[in-house]
2 protein chains.
Amino acid sequence: MTERPKAAATKARILEAALDLFRERGYEAATMRAIAERAGVALGNAYYYFGSKEHLIQAFYDRTHVEHVAAVGTKLDDLKDLKSRLLWVMRKKLETIEPYHRFAGLLFRSAADPNSPLNPLSTESQPVRREATEVFRRVVEGSRRRISPELRAELPNLLWLYHMGIVLFWIHDTSKGRRRTWRLMERSVDLIVKLVGLASLPLMGPVRRAALRIVEELRDSAEKSAA
Amino acid sequence: MTERPKAAATKARILEAALDLFRERGYEAATMRAIAERAGVALGNAYYYFGSKEHLIQAFYDRTHVEHVAAVGTKLDDLKDLKSRLLWVMRKKLETIEPYHRFAGLLFRSAADPNSPLNPLSTESQPVRREATEVFRRVVEGSRRRISPELRAELPNLLWLYHMGIVLFWIHDTSKGRRRTWRLMERSVDLIVKLVGLASLPLMGPVRRAALRIVEELRDSAEKSAA
DNA sequence: GCACATAGTTGAACGTGTTCAAAAACTACC
DNA sequence: GGTAGTTTTTGAACACGTTCAACTATGTGC
């Protein structure tokens, strides 16, 4: 059960080979045989460490998340208002994933499949999702904006969902330098901040509660289905 | 080029076999070999009529849309306010797709893949998407609610997107009788109608315009990438 | 009726992701 | 250092989606 050092090295070599080939050739062209060959192991060995090809993407997913957190860094603490904080985090996200644009499509192909371990709502990816939401919690909590407590509690989840939407758009975006995604991201961040402001008006009480109840329900279901 | 009657019969037989097997066994278990066998044709023949297994899903997609339109029927014309109209259409949608719950997951697996013909934004599925949006245009135009012209023009697209979101949730929903989805749908329809009301307040001008500009951009990109 | 072209059909073959029984390498204990 | 047990590695084998060259059926012009 305990992982021996040599095993860890083999596992790492397979993962590196996979990520390299994903980058170089895209997902489909990076066959398990090619990955195994580049890693210098037999085909079956790759399956000893990664239960399926999708598990290799899960590993990629983990990695970009770590890179993203590193890119966000402590600079986030210097920014005080919600808008600039959210902008910063989103920018770093887009920068982080850019090198993987060629193969990321396949990630989201399976991300929508309820049976896939890659599904963001599945048990297997729950830790990553939690951590990713954590980044947005930082965004919200560090801002000096006054937000009603119920909204404050739910906003990180909403922002995580929003960020998934942007990434989905990014996948389809073939514009030069992914300009469309950047513009959409900047404009939508602007809108979101406006909406958060609106939602805090006293008049909005009933609507806000109706919306929050729905969000809560979404989250509940996600956790229940992952159980 | 012109389709002969016998060919049409063969094609129909293959499609029926496919849909039957999808329903019975789910998507993965319904292999192309099994489909061909049940249809009484050779394996290669299925590919003569349907370029790939995903094209068979496209056909399923078309069919549920037709069924949905039929289920919506003329009853829609009797309903006058936006909420009951939208509710009616959404209910019929959920009822229409229910028999296919077992295999619909795979539909959305590829729906998110930019290279898949199934992607709702791809060229191949553009006709269905247009038609599906048409249903929501009926919903909006037949209602007596006063809506600003810009929003009125964009709302059908937004509702189509919303309905895709509900279907996505439905796919993951394992609750009995899909109760969670129904509840979410009813509550979110309520919220949407509330929001449409809010958006018509004079104060909301700037926010509404900001939101609409984003939606427009989304639509532009979708059409450009499908070109 | 015959020749020709087009439409429709076949099944073997390819490369893929995945599985698994067996072999090899390693560790722990005497 | 030999033996038993465990971890790691191997590669052949399987079922799948897909392709394609060859074959058959059907319609068309004379």
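Throughout, a chain's letter reflects where its sequence line sits, starting with A, and its residues are numbered from 1.
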Query raised in the report: Between B:Lys92 and B:Glu67, is the closest basic N to carboxylate O distance under 4.0 Å?
Result: no

Query - Nucleotide of D:dT9, D:dG17, C:dT10 approaching B:Val41 most closely (side-chain heavy atoms) - result: C:dT10

Report task. Taking only the side-chain nitrogens and oxygens of B:Thr10, find out if one of them lies under 4.0 Å from OP1 or OP2 of C:dT9. Result -> yes

Query raised in the report: Distance from A:Tyr100 atom OH to A:Leu19 atom CG, nearest 0.5 Å?
Result: 5.5 Å

Report summary line: Taking D:dT9, C:dG17, D:dC16 as options, the one with an atom nearest any side-chain atom of B:Arg33 is D:dC16

Report summary line: Taken to the nearest whole Å, CD/A:Glu28 to C1'/C:dT16 is 10 Å

**Report entry** Nucleotide of D:dG17, C:dT16, C:dG11 approaching B:Ala42 most closely (side-chain heavy atoms)
**Finding:** C:dG11

Query raised in the report: Should the pair A:Glu28-A:Lys53 be classified as a salt bridge under the 4.0 Å nitrogen-to-oxygen rule?
Result: no

Query raised in the report: Under 3.5 Å, side chain of B:His163 to main-chain N/O of B:Trp160, donor-acceptor pair present?
Result: yes

Query raised in the report: Looking only at heavy atoms, what is the nearest atom pair of A:Glu217 and B:Arg180, with distance?
Result: OE2-O, 4.0 Å

Query - Separation of C:dT18 C1' from A:Glu54 CD (nearest whole Å) - result: 12 Å

**Report entry** Under 4.0 Å protein heavy-atom contact, by nucleotide of nucleotides 19-24 of chain D - B base, S sugar-phosphate only
**Finding:** B-----

Requested in this report: Identify whether the distance between the nearest side-chain nitrogen and carboxylate oxygen of A:Glu134 and A:Arg137 falls below 4.0 Å.
Outcome: yes

Query raised in the report: Considering only side-chain heavy atoms of A:Met32, which listed nucleotide, D:dT9, C:dG17, D:dG17, is closest?
Result: C:dG17

Report task. Take the protein atom NZ of A:Lys53 and the nucleotide atom C1' of C:dT16, then report the distance between them rounded to whole Å. Result -> 8 Å

Requested in this report: Output yes when at least one side-chain N/O atom of B:Tyr48 is less than 4.0 Å from OP1 or OP2 of C:dG8, else no.
Outcome: yes

Report summary line: Per atom distances to the B:Ala7 side chain, the nearest of C:dG8, D:dC16, C:dG17 is C:dG8

Query raised in the report: Of the nucleotides D:dG17, C:dT9, C:dT16, which has the atom closest to the A:Thr31 side chain?
Result: C:dT16

